Amino acid sequence: MAPEKTSDGLDNYAFAVDGIDRFCELPENKNGSDNFSEEGDSNKLAYCVTDIPPWYLCIFLGIQHYLTAFGGIIAIPLILSQGLCLQHDGLTQSHLISTIFFVSGVCTLLQVTFGVRLPILQGGTFTLLSPTMALLSMPEWTCPAWTQNSSLVNTTSPEFIHVWRSRMQVLQGSIMVGSLFQVLVGFSGLIGLFMRFIGPLTIAPTISLIGLSLFDSAGMNAGHHWGISSMTTCLIVIFSQYLRHIAIPFPKYSKAKKFHTTRIYIFQILPVLLGITLSWLICYLLTIYNVLPSDPDKYGYLARTDIKGDVIGRAPWFRFPYPGQWGVPTVSLAGVFGILAGVISSMIESVGDYHACARLSGAPPPPRHAINRGIGIEGIGCLLAGAWGTGNGTTSYSENIGALGITKVGSRMVIVCSGFVMIIMGMFGKIGAIFTTIPTPVIGGMFLVMFGVIMAAGVSSLQYTDMNSSRNIFIFGFSMFTGLAIPNWIMKNPTSIATGVVELDHVLQVLLTTSMFVGGFFGFLLDNTIPGTKRERGIIAWKKDHQNESDNTLESDDVYGLPFGINSCLSSFTWTKYVPFCPTHKVSRQDDTPYSLDSLDTKTESNKGDTHIIAGVAL
């Protein structure tokens with residue numbers, strides 16, 4: 001989540017800020033070492049979380065955050081279009097892209113204003129992709145064969161519209177019902193109970209299997225032209241790894257210095273966007289010079305940029321997404337249980353994102369009420385995403401948290417601007433249509449990098465555990481292997497589950513074909529039942545790195561308090577101290593087990609009295 005320490009001591013400023021007389025100090029780590037640079041100046045922020053930069057800087061950095069999240073956000077509707085039978089309906093794909101940008105902007109504004117109140121951007125989540133694709137792969141939702149042939153698809157026919165809308169509606173209803181669980185867990189404060197029993201050995205297989213389970217989608221898209229997809233992958237790798245410390249001079253104007261140049265680490269900020277754009281341009285040149293085949297049956301045809309050329313002309317200039325635009329949502333019990341597995345993974349990831357964001361934005365560690373409120377608002381965001389029909393939910397974006405460490409601007413006003421930018425972009429139909437013309441092999445090349453990073457991010461959680469322990473090696477290896485083997489067998493034998501209850505069959509079918517659920521379940525069960533010390537399991541180091549010990553100080557209230565005078569109004573009521581998401585909420589030290597480091601060392605290792613809680617969470 002946080003950017004890696006540079007080995008050469010390079011100053012990691014992504015831009016130069018003129019006229020700044022003071023800088024905010026980033027919180028130092030326990031060892032007193034600098035996480036971002038060996039130079040002292042690089043450990044300072046130009047703007048803290050509560051500061052308001054000049055309006056032009058807010059707009060510039062807001063657009064930058066939007067572009068940073070660009071790759072992850074557009075990848076989701078492009079993957080979903082395969083399960084929704086929309087491969088040959090570019091116009092509807094453009095509407096989905098516009099909708100997810102619009103909802104992401106709305107959820108970002110809600111999170112920054114009323115949620116955790118940190119400069120953290122909201123967008124689509126890959127944790128819901130696995131259960132979603134598992135649901136759409138069931139026999140009753142498998143796409144008809146004729147929808148795979150572009151010559152047989154009439155995108156305006158009632159039959160085709162019913163095919164994809166019926167699938168979208170069941171996704172909407174399942175996401176809306178599943179999101180209510182996240183709302184409940186967040187606003188009730190139950191997230192602390194979850195975090196008490198979930199450690200690195202549960203997180204690692206869960207997150208890793210998200211990336212691994214999508215390998216087929218990445219390979220299928222890249223395989224339409226391995227030359228183009230390999231070029232895209234190489235460009236993204238070169239920009240993000242080899243050229244990230246190279247600063248490019250850009251012209252700049254200020255009253256003090258007039259016109260001058262400033263250095264921007266453009267490759268470090270926008271590697272995915274630059275890689276996609278350059279590959280896109282090369283595909284365009286190869287198309288206009290007829291280097292790529294024009295016969296749909298020949299290899300490399302999908303690398304052409306004119307396949308969906310009419311989409312831009314047909315797309316409206318202005319389109320306002322609205323709830324229920326695809327029809328009335330329906331609910332699938334199997335879909336709800338699958339979405340719940342993804343929602344739990346998303347919540348765990350977001351708690352870590354909040355702490356990383358607080359460190360990089362110069363804010364104190366987030367208190368309980370802020371985390372509870374943030375998780376609750378993310379649940380509301382998933383509810384809105386389901387109502388609007390993105391086919392996905394929302395979560396905090398780690399990529400943008402890393403951008404805070406690069407730009408050294410931790411102001412939440414920048415993220416507010418980014419939210420408005422996404423809303424505006426979502427209302428311009430032509431912009432979404434342009435994104436649908438990205439050649440399929442280019443998307444495949446991006447997936448190869450993106451899904452690989454997601455898989456590695458999950459494995460990185462093992463750094464907190466003792467991997468010299470045979471216990472931990474067994475738990476992780478068994479969880480990963482079963483997370484791949486069981487879903488693969490179920491997919492090849494879809495009729496093997498026959499309990500006699502159709503609804504139960506569907507639930508088991510979705511859960512057992514969702515790799516992240518299978519791997520995460522075994523990781524959770526084995527980690528909490530096989531004897532092992534908290535230090536061996538990585539719980540001590542994990543809690544230390546994600547500790548939640550910020551009292552309601554004045555500084556904390558400035559950052560995490562509610563806006564518009566709501567704090568002062570709530571403080572006049574004594575009952576608000578019992579409400580888990582209110583800033584006046586008081587936490588009993590005896591109940592501080594989920595995050596308390598002292599209690600971790602003093603409590604017994606076995607947790608024998610919590611067996612019933614473990615069993616309940618597992619169910």
Side-chain angles (χ1 to χ4, degrees), residues 62-63 65-109 121-125 129 153 155-156 160-161 164-165 167-168 171-172 221 270 272-273 276-277 279-281 283-284 302 305-327 381 384-394 397 418-440 442-443 446-447 450:
I63 295 174
H65 277 281
Y66 160 76
L67 295 176
T68 302
F70 162 84
I73 291 178
I74 69 163
I76 291 169
L78 292 176
I79 295 175
L80 281 177
S81 64
Q82 301 169 15
L84 294 171
C85 319
L86 291 172
Q87 300 97 315
H88 305 296
D89 188 358
L91 185 60
T92 303
Q93 287 184 29
S94 71
H95 294 337
L96 287 178
I97 292 174
S98 297
T99 301
I100 198 170
F101 273 128
F102 181 86
V103 174
S104 297
V106 172
C107 294
T108 298
L109 295 180
L121 190 130
Q122 304 291 291
T125 170
L129 269 183
V153 172
T155 58
T156 59
F160 178 75
I161 293 175
W164 73 263
R165 285 198 175 185
R167 287 158 175 74
M168 175 59 81
L171 285 185
Q172 288 183 253
N221 284 275
L270 307 172
V272 176
L273 181 65
I276 290 177
T277 303
S279 295
W280 197 357
L281 177 61
C283 287
Y284 173 74
L302 290 179
T305 57
D306 58 355
I307 299 176
K308 302 175 183 176
D310 61 330
V311 174
I312 299 176
R314 288 162 47 204
W317 277 103
F318 181 83
R319 181 181 178 275
F320 188 81
Y322 58 91
Q325 57 186 331
W326 316 128
L384 296 178
W388 257 263
T390 65
N392 198 253
T394 59
Y397 260 45
S418 184
F420 280 113
V421 168
M422 287 194 289
I423 290 175
I424 294 172
M425 293 297 182
M427 291 190 296
F428 283 96
K430 297 288 187 186
I431 294 178
I434 291 173
F435 293 147
T436 64
T437 64
I438 301 176
T440 302
V442 175
I443 297 296
M446 178 186 70
F447 286 170
M450 189 173 296

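Please read all numbers here as calculations on a predicted model, not as lab measurements. Only this structure's heavy atoms are used, side chains among them; waters, hydrogens and symmetry mates stay out.
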Practice task
List in chain and number order the residues that pass side chain to side chain contact (heavy atoms under 4.5 Å, CB included) with R319, two or more places apart in sequence or in another chain; answer none if no residue qualifies.
Solution key: H95, T99, P316, P321, Q325, W326

Practice task
Mind checking side-chain hydrogen bond (donor to acceptor under 3.5 Å, both in side chains) for T436 and listing every partner two or more places apart, or none if nothing turns up?
Solution key: none

Exercise for the section: Output all residues satisfying ring-ring contact (aromatic ring centres under 6.0 Å, His included) with Y322, sequence neighbours left out; order by chain, then residue number. Expected result: none

Problem - Sequence-distant partners of Q82, side-chain hydrogen bond (donor to acceptor under 3.5 Å, both in side chains), two or more places apart - result: none

Practice task
May I ask you to test the I434-I312 pair for a side-chain heavy-atom distance under 4.5 Å?
Solution key: yes

Exercise for the section: Measure the shortest side-chain to side-chain distance between R165 and L84 over non-hydrogen atoms and say whether it is less than 4.5 angstrom. Expected result: no

Exercise for the section: With sequence neighbours left out, write down each residue that passes side chain to side chain contact (heavy atoms under 4.5 Å, CB included) with I424, or none if nothing qualifies. Expected result: F428

Exercise for the section: Check the pair Q122 / V106 against side-chain contact (heavy atoms from CB on, under 4.5 Å), numbers first and verdict last. Expected result: CA-CA 9 Å; Q122 304 291 291; V106 172; over 6 Å; no

Practice task
Hey, can you tell me if F102 and F320 have their rings parallel, tilted or perpendicular (30° and 60° cut-offs)?
Solution key: perpendicular

Completion exercise
Residue set satisfying side chain to side chain contact (heavy atoms under 4.5 Å, CB included) with M425, at least two apart, ordered chain then number -> Y66, V421, I431

Practice task
Carefully, step by step, assess F160 and D89 under the rule side-chain contact (heavy atoms from CB on, under 4.5 Å).
Solution key: CA-CA 10 Å; F160 178 75; D89 188 358; 3.4 Å; yes

Exercise for the section: Please examine the side chains of C85 and R167, heavy atoms only from C-beta on, and report whether any two atoms are closer than 4.5 Å. Expected result: yes

